[in-house]
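Scroll down for the structure; my scribbles are underneath it.
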There are 2 protein chains.
Amino acid sequence: MTNEQTILIVDDEAAIRDMIGIALDTAGFSSMTAETALEAHVNIVDRRPDLVLLDWMLPGGSGIELARRLKREELTADIPIIMLTAKTSEDNKVQGLDVGVDDYVTKPFSPRELVARIKAVLRRSTGNLRDKPIRVFDLELDPASHRVTLDDHAVDMGPTEYRLLNFFMTHPEKVFSRDHIQDQVWGANVYLEERTVDVHIGRLRKALTSASGPGINYAGLIQTVRGAGYRFSTRPD
Amino acid sequence: MTNEQTILIVDDEAAIRDMIGIALDTAGFSSMTAETALEAHVNIVDRRPDLVLLDWMLPGGSGIELARRLKREELTADIPIIMLTAKTSEDNKVQGLDVGVDDYVTKPFSPRELVARIKAVLRRSTGNLRDKPIRVFDLELDPASHRVTLDDHAVDMGPTEYRLLNFFMTHPEKVFSRDHIQDQVWGANVYLEERTVDVHIGRLRKALTSASGPGINYAGLIQTVRGAGYRFSTRPD
DNA sequence: GCTAATATGTCATGAAAATGTAACATTTCA
DNA sequence: TGAAATGTTACATTTTCATGACATATTAGC
């Protein structure tokens, strides 16, 4: 399978983590685990999973705290969260929904149900906002098909360049430092040389250039801001 | 950069404090230290560091206590904390300290990793608030896109001229001596010839002039105050 | 499981831009 | 007018970027 989606399982009980892990594996997801809210937070920031399964009843009640925090911080706000909770009380649901959690699954649950919910949430969250193609002039990036087209011709680029372009197109007209770009495109705390960003910028530009017709060169949309970083802008440099 | 960020190192071992201090210094941070939780708390309240590196194995387990307290008190809740932990073997205890710490680093760690994580956390916690564009007549400086426009046309200038203009536009109608300008634009403890400021003022004026249309010359906004320094003012000289 | 094809990250190098300084020109004002 | 203050220019040096080459890692296809 091309792009396996990664789910982070946050639960203090090993048995539950294992059970869910197997279920996800069977369903074609890749998974990682965390026992504590702190560990989870670090994992999320560092590796940017596609979805988080979060046990409500983490020791210290920190599950809710974590959810609130994730939704508050810009870097992680768009990662969908499904709460795992033992209780069925309305209170909890209301409280959690306030936090901006995407769905609930109450224990005990069947693996089948869990997987169904995960797929639903992923469909929804990647379906609503991000699934809409982003277009700038004749350059279109379509997350649904994971494809970039220029004048209706496919633009050939590597996965990293795709993510890079996606990030830029969703954050136009702003400068980003190389560090910031690394956070967003590679995940925080991935130690790369700063120049690596330059190289991938170069590759992205080249891809756009060789796909551009005789008119505008779309590589010009990706602008170097000396001493500051890079910027995606439709306005001349 | 103008304002050096300050990191508070809280550890009872002098060797570790020194090692970290040197690493931070090399990375361009300024640092201060505390040996005990009490001392740390006083320092934090008094001097408001930009980030706290906190050893959670402080004598008496007071490291955790301090973290919890800092995150509970409104005055200090927004100061990011990175925990320094010995090992993950103590998972039971670790669970108890999910108090909203921003990241943790396990000893032994490389200075490089530590600095990278510090930067990542600082970026996360402060990166969000970006300033709004500042506009004077048709001259606009937009920090978000790191761009200066005049009548919607980009004004080309070097990084230093950008910082200079940014400083002036955020402090209009006031004279500043060359020394003061140096402190603000180049940073304190940087020694330059006084003439250097003049040169950059000149470059900034030239940039504004060549971007100005036939109407007003925007270079006139940057006024020489003989014997005193320079001033950014919308009123005629 | 193995191999070929892709993709990735790092480095070295050269080019371009930015910077600080000194020298010289010009303006200001007593 | 002339000394002090400021403006301007040229240039050597430093910093920052772009890019091709390469070694490694990952993926896809068989």
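Letters go in sequence order (proteins before strands), and every chain restarts at 1.
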**Asked** Could a donor-acceptor pair under 3.5 angstrom be found where the side chain of R226(B) meets the base of dT28(C)?
**Response** yes
**Message:** Rounded at 0.5 Å granularity, tell me how far CE in M157(A) sits from CZ in R205(A).
**Reply:** 13.5 Å
**Asked** Within less than 4.0 Å of OP1 or OP2 of dC17(D), is there a side-chain N or O belonging to R195(A)?
**Response** yes
**Complete:** From CG of D198(A) across to P of dA16(C) the rounded distance in Å is 17 Å
**Request:** Take atom CD of E194(A) and atom C1' of dT16(D), then tell me their distance rounded to the nearest Å.
**Result:** 11 Å
**Prompt:** Has W186(B) got a side-chain N or O lying under 4.0 Å from the OP1 or OP2 atom of dG20(C)?
**Reply:** yes
**Fill in**
To the nearest angstrom, the CZ-C1' distance between R205(B) and dT26(C) comes to 14 Å
**Message:** Distance check needed: dG20(D) C1' versus K206(A) NZ, whole Å only.
**Reply:** 8 Å
**Message:** Check the phosphate of dT16(D) against T224(A), side-chain N and O only, distance under 4.0 Å to OP1 or OP2. Yes or no?
**Reply:** no
**Message:** What is the distance, to the nearest angstrom, from the CD atom on E161(A) to the C1' atom on dT8(C)?
**Reply:** 9 Å
**Asked** How is T196(A) classified with respect to the nucleic acid when contacts are heavy atoms under 4.0 Å: base, sugar-phosphate, or nothing?
**Response** base
**Request:** Looking only at side-chain atoms of V199(A), point me to the closest of dT9(D), dT6(D), dC11(C).
**Result:** dC11(C)
**Request:** Could you tell me the separation between the CD atom of E193(A) and the P atom of dC17(D), rounded to a whole number of Å?
**Result:** 15 Å
**Asked** Checking all strands, does V190(B) fall into the base, sugar-phosphate, or nothing category for heavy-atom contacts under 4.0 angstrom?
**Response** nothing
**Asked** Within this structure, what is the CZ-to-P distance between R178(B) and dT21(C), rounded to whole angstrom?
**Response** 15 Å
**Request:** Return yes if the base of dG9(C) and the side-chain atoms of R203(A) contain a donor-acceptor N/O pair under 3.5 Å, otherwise no.
**Result:** yes
**Item:** Distance-only donor-acceptor check, side chains E173(B) and S233(B), under 3.5 Å
**Value:** yes
**Asked** What's the spacing between D12(A) CG and T33(A) OG1 if we round to 0.5 Å?
**Response** 12.0 Å
**Request:** Nearest 0.5 Å please: distance from the CG atom of L221(B) over to the CG atom of L165(B).
**Result:** 9.0 Å
**Y230(A) side chain near dA18(D) phosphate (N/O to OP1/OP2, under 4.0 Å)** = yes
**Message:** For D152(B) and T149(B), which I'm curious about, is there any donor-acceptor pair between the side chains at under 3.5 Å?
**Reply:** no
**Complete:** Atom NE2 of H200(A) and atom P of dG20(D) are separated, to the nearest Å, by 15 Å
**Distance below 4.0 Å between T160(B) side-chain N/O and dA18(C) OP1 or OP2** = no
